[in-house]
Amino acid sequence: MKTAIKIAMLAGCDDLFPAKAHDDDAAFDLRAAKDSVLIPGRSTLVPAGFKIELPVGFEAQIRPRSGLALKHDLMLTNSPGTIDAGYRGEVGVIMYNGGKNDYEIKRGDRIAQMVICKLPEVQLNKCEELTESSRGEGGFGSSGKN
């Protein structure tokens, strides 16, 4: 059974409705609602032209596009970005230009991907000790590989 998600397009943005390129894709493509210039070394909020109403117990994750990262050094500053069920503002994508040159985004360009996820119901329990594991307290870089 499919979960219905409400999408409200902003004025003049009906052509930017989030869509999957293929039926078996995990993510919906998000498009830029206006022209923007991404300056090297800076983050820029690029509007996507819509608002979303997620049911309680769901989130939308905004993820980067691999082609933009590989070919143009463009990233999402807070990847993945999370849209909570209670948020009703316009969806925007925080893009970072890690390259050496300005990058022009044109209205309608695919700028990110959106994955809708059902969240598990969890309860955090305070305790004095945790059970042992094979990893223990090994953190960043603990794999032994450089």
Side-chain angles (χ1 to χ4, degrees), residues 1-125 130 133-146:
M1 180 167 87
K2 291 186 179 183
T3 300
I5 305 290
K6 293 180 180 179
I7 301 287
M9 300 307 295
L10 298 180
C13 292
D14 284 342
D15 59 318
L16 305 175
F17 195 86
K20 292 182 178 184
H22 307 281
D23 289 339
D24 59 350
D25 284 353
F28 295 87
D29 289 329
L30 302 186
R31 298 179 180 276
K34 68 175 193 169
D35 293 349
S36 298
V37 176
L38 303 181
I39 298 168
R42 294 194 48 200
S43 292
T44 303
L45 182 63
V46 180
F50 71 94
K51 297 178 181 183
I52 188 168
E53 183 178 330
L54 294 161
V56 172
F58 283 78
E59 72 162 327
Q61 295 181 3
I62 308 302
R63 300 180 180 182
R65 295 187 54 80
S66 58
L68 291 177
L70 178 64
K71 297 174 185 173
H72 304 288
D73 292 321
L74 301 181
M75 306 164 233
L76 303 190
T77 307
N78 65 326
S79 179
T82 295
I83 300 172
D84 295 308
Y87 179 68
R88 294 294 186 275
E90 181 178 5
V91 172
V93 178
I94 304 171
M95 300 188 73
Y96 178 81
N97 183 351
K100 295 178 180 157
N101 301 310
D102 288 356
Y103 185 84
E104 289 188 37
I105 292 179
K106 297 292 184 191
R107 186 188 183 287
D109 285 353
R110 293 183 297 168
I111 56 172
Q113 303 176 85
M114 179 175 67
V115 175
I116 308 292
C117 300
K118 183 164 178 49
L119 301 170
E121 290 188 32
V122 299
Q123 174 180 312
L124 300 180
N125 296 323
L130 303 176
S133 73
S134 60
R135 181 175 175 179
E137 293 186 17
F140 298 104
S142 66
S143 67
K145 294 182 180 180
N146 291 328

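Atoms CG and CD, on L119 and E121 in that order, are 10.0 Å from each other to the nearest 0.5 Å. For the atom pair I94 CD1 and I111 CD1, the distance stands at 11.0 Å (nearest 0.5 Å).
Of all the heavy atoms in S43 and Y96, the pair that sits closest is OG-CD1, 3.6 Å. Of all heavy-atom pairs spanning G99 and P40, the tightest one is O-CB, 3.2 Å. Between P18 and M114, the closest heavy-atom pair is CB-CE, 4.2 Å. Between G108 and R31, the shortest heavy-atom contact is O-NH1, 2.8 Å.
With hydrogens and angles disregarded, no donor-acceptor distance shorter than 3.5 Å links the side chain of D25 to the backbone of K20.
Inter-residue side-chain proximity for N101 and Y103 is flagged as unmet; no heavy-atom pair is nearer than 4.5 Å. Taking 4.5 Å as the limit, some side-chain heavy atom of N97 sits within range of a side-chain heavy atom of L74. At a threshold of 4.5 Å between non-hydrogen side-chain atoms, the residues L68 and M95 count as touching. Between M9 and L16 there is a side-chain heavy-atom pair separated by less than 4.5 Å.
With sequence neighbours excluded, no residue forms a side-chain hydrogen bond (donor to acceptor under 3.5 Å, both in side chains) with S79. Residues meeting the side-chain hydrogen bond (donor to acceptor under 3.5 Å, both in side chains) test with R107, sequence neighbours left out: D15.
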Could you list the donor-acceptor pairs under 3.5 angstrom formed between side-chain atoms of residues 44-65 and any protein atom two or more places apart in sequence or on another chain?
{"residue": "E59", "atom": "OE1", "partner": "T82", "partner atom": "OG1", "Å": "3.3"}
{"residue": "E59", "atom": "OE2", "partner": "Q61", "partner atom": "NE2", "Å": "2.9"}
{"residue": "Q61", "atom": "OE1", "partner": "R63", "partner atom": "NE", "Å": "3.0"}
{"residue": "Q61", "atom": "OE1", "partner": "R63", "partner atom": "NH2", "Å": "2.5"}
{"residue": "R65", "atom": "NH1", "partner": "D29", "partner atom": "OD1", "Å": "2.8"}

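At most 12 non-hydrogen atoms from other residues, nucleotides or ligands lie less than 6.0 angstrom from CZ of R42.
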